[in-house]
> 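Sending over a structure as structure tokens; questions will come in a sec.
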Amino acid sequence: MPEQAADDGHVLEFRLPDLGEGLADGDLVSWSVAVGDTVELNQTIAEVETAKAVVALPSPFSGVVVELLAKPGDTVPVGAPLIRVRNDLEVTEPPTATRNDVLVGYGPEAESTSRRRKPAPSAAMAATTPSSHRAAATPAARKLAKELGIDLWFVAGSGPEGAVTVDDVRSAVPVTAPRTPARVGEAAPAPVNGHSGDTDGGLIEPTAREERTPVSGVRKRTAAAMLASARTIPQASTFVTVDCTASMELLDHLRTTKSFEGLTLTPLALVAKATLAAIAEYPEINSAWDEPNQEIVTRHYVNLGIAVAADRGLLVPNLKEAQTLSLRELCREISDAAETARSGNATPADLRGGTFTITNVGVFGVDSGVPLVNPGEAAILCLGSIRKRPWVFRDELAVRWVTTLGLSFDHRIVDGELGARFLATTAGFLEDPLTLLSRV
């Protein structure tokens with residue numbers, strides 16, 4: 001056990017800080033410390049999940065942990081107490097931080113201090129006393145525990161430095177007796193305390209007719225954003241089908257060149273370049289509606305969002321100042337952003353501040369879609385699957401590479417003419433990509 005601080009030490013309280021995203025709360029994923037542990041300044045003490053990313057919280061002071069004020073799975077409002085640490089040195093309370101002080105000090109008090117807690121652990125899990133030295137679980141273990149509804153606080157870790165592993169989580173699943181199938185015409189055993197009974201008193205897993213998953217983290221915030229989008233943004237959509245054979249031939253050629261050696265050059269990178277060129281011609285498409293001030297804010301920079309399907313849900317990292325990037329740089333930046341998002345390492349800065357978004361449903365074999373506009377943006381482009389189809393080319397029927405582009409837009413900012421001209425210009429660059437590259 002670490003040495004306990006003296007009774008006359010100063011107890012300092014760390015509140016959940018503003019994570020720099022304008023969000024009111026975060027879900028506590030896991031603790032990296034336990035009561036009785038000694039923590040150092042800036043040592044990671046917990047992980048908190050928001051709509052944007054999983055954020056590691058550093059301790060703003062050193063000392064001995066005397067109390068943890070939240071459990072994994074709790075939704076903690078910004079400004080709510082999170083942990084108390086006793087410090088024997090003469091210190092003063094940390095100053096209250098403003099909303100611009102990110103991950104340091106305190107965030108503003110939330111209006112509500114209620115917390116959503118997960119169901120209490122089962123008897124089999126509760127029999128294990130939580131270790132005061134339990135290390136943080138591995139990402140895979142945390143994911144499995146969340147799927148199985150297991151509180152990691154009650155799981156003993158067998159990994160390096162006591163880390164909870166996937167095998168540890170599987171071992172914590174309550175043992176159930178095998179179900180004896182009912183004979184035809186025979187009723188199933190009556191449930192006992194939510195489970196079907198048997199003769200020896202063991203638990204029998206009920207038939208999985210329904211599954212309930214708590215809405216939290218990315219899913220909760222995505223739902224809120226999409227609801228706000230549907231309620232507050234009058235949206236319209238338009239589509240165009242494009243012969244992108246020349247673009248596919250160009251990509252095949254560029255992949256053989258030294259400039260693109262080692263890079264994964266995909267059609268999405270070329271579509272992004274075409275989109276940026278079209279935005280340069282129609283900058284109003286890169287705007288936002290400022291409701292309080294009744295103004296349209298037109299940005300002369302593009303933070304290009306790329307929708308990524310990750311294990312945590314749909315994430316949209318954006319490429320800062322994308323209008324300055326070459327095709328080669330776009331190729332690299334898109335690949336890096338997608339890999340970072342899928343690995344769970346995207347930061348709030350990576351996912352905040354987008355001005356225009358591209359979503360690629362074609363990777364799932366879908367021809368088109370009608371995506372909702374992200375709040376704070378004016379439009380979103382949807383790229384469908386690119387496949388060979390019969391096409392009239394130079395007055396003859398031929399097999400060509402064809403795709404469908406869709407554009408959803410905020411009709412308060414973008415009228416039908418602007419939306420159609422923007423989409424047709426983007427399509428034109430893909431039909432004749434040499435005109436696109438000549439603009440670089």
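This is a predicted model, so every value here is computed, not measured. Side chains are part of it too, since the values below use all heavy atoms of this structure and drop only hydrogens, waters and symmetry mates. Residues take their numbers from the sequence shown, with the count starting at 1.
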> Are the side chain of Arg84 and the backbone of Leu68 linked by a donor-acceptor contact shorter than 3.5 Å?
no
> Between the main-chain N or O of Asn303 and the side-chain N or O of Asn318, is there a donor-acceptor pair closer than 3.5 Å?
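No; zero donor-acceptor contacts below 3.5 Å.
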> State whether a side-chain donor-acceptor pair under 3.5 Å links Thr264 with Ser335.
no
> Between Glu281 (side chain) and Ala278 (backbone), is there a donor-acceptor pair under 3.5 Å?
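Answer holds: no.
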> Give me the atom names and distance for the closest heavy-atom approach of Val373 to Ser408.
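Minimum heavy-atom contact is CG2-O, 3.6 Å.
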> Count the heavy atoms belonging to other residues, nucleotides or ligands that lie under 6.0 Å from CD of Glu321, then report whether that count exceeds 12.
yes
> Assess the residue pair Leu407 and Phe239 against the criterion (side chain to side chain contact (heavy atoms under 4.5 Å, CB included)); give the C-alpha distance rounded to whole Å, side-chain angles, the decisive distance to 0.1 Å, and a yes or no.
CA-CA 6 Å; Leu407 182 74; Phe239 304 87; over 6 Å; no
> Classify the side-chain pair Thr357/Asn374 by whether it contains a donor and acceptor separated by less than 3.5 Å.
yes
> Just by modelled atom types, is the Glu333 backbone N or O under 3.5 Å from a matching donor or acceptor in the Asp336 side chain?
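Not a single qualifying donor-acceptor pair exists.
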> Side chains of Leu304 and Val302, heavy atoms from C-beta outward: is any pair under 4.5 Å?
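The answer is yes; the side chains approach within 4.5 Å.
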> Under the criterion side chain to side chain contact (heavy atoms under 4.5 Å, CB included), I'd like the reasoning laid out for Glu47 against Val55: C-alpha separation, chi angles, the key distance, then a yes or no.
CA-CA 6 Å; Glu47 288 186 333; Val55 180; over 6 Å; no
> What pair of heavy atoms forms the shortest contact from Pro72 to Ser30, and how long is it?
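Nearest pair, atom of Pro72 first, then Ser30: CG-CA, 4.3 Å.
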> At their closest point, which heavy atom of Thr38 faces which heavy atom of Glu40, and how far apart are they?
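Closest approach of Thr38 to Glu40: CG2-OE2, 4.1 Å.
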> For atom CD of Glu339, is the number of surrounding heavy atoms from other residues, nucleotides or ligands below 6.0 Å larger than 12?
no
> Looking only at non-hydrogen atoms, find the nearest pair between Leu270 and Pro433 and report the distance.
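Closest approach of Leu270 to Pro433: CD2-CB, 4.4 Å.
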> I need the minimum non-hydrogen distance between Ala46 and Leu28, along with the two atoms involved.
CB-CD1, 3.9 Å
> Using a 3.5 Å distance criterion without hydrogens, assess whether the side chain of Gln294 forms a donor-acceptor pair with backbone atoms of Glu291.
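Looks like yes, one N/O pair under 3.5 Å.
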> State yes or no: are the ring centers of Tyr301 and Phe356 separated by less than 6.0 Å?
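Not close enough - the centres of the two rings lie 6.0 Å or further apart.
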> Tell me if a side-chain donor or acceptor on Arg387 pairs with a main-chain N or O of Gly365 at a distance below 3.5 Å.
yes
> Evaluate Asp367 against Ser385 for side chain to side chain donor-acceptor pair (under 3.5 Å), listing each step before the verdict.
CA-CA 5 Å; Asp367 291 335; Ser385 62; 2.9 Å; yes
> Any donor and acceptor pair, going by atom type alone, linking the side chain of Asn87 with main-chain N or O of Ser62 inside 3.5 Å?
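Judged by distance alone, yes, a pair lies under 3.5 Å.
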> For the pair Asp37 (side chain) and Ala34 (backbone), establish whether a donor and an acceptor sit closer than 3.5 Å, ignoring hydrogens and angles.
yes
> At their closest point, which heavy atom of Thr298 faces which heavy atom of Pro283, and how far apart are they?
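Reported closest heavy-atom pair: CG2-O, 3.5 Å.
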> So, applying side-chain contact (heavy atoms from CB on, under 4.5 Å) with Asp410, which one of Pro375, Ser287, Pro234 is it?
Pro234
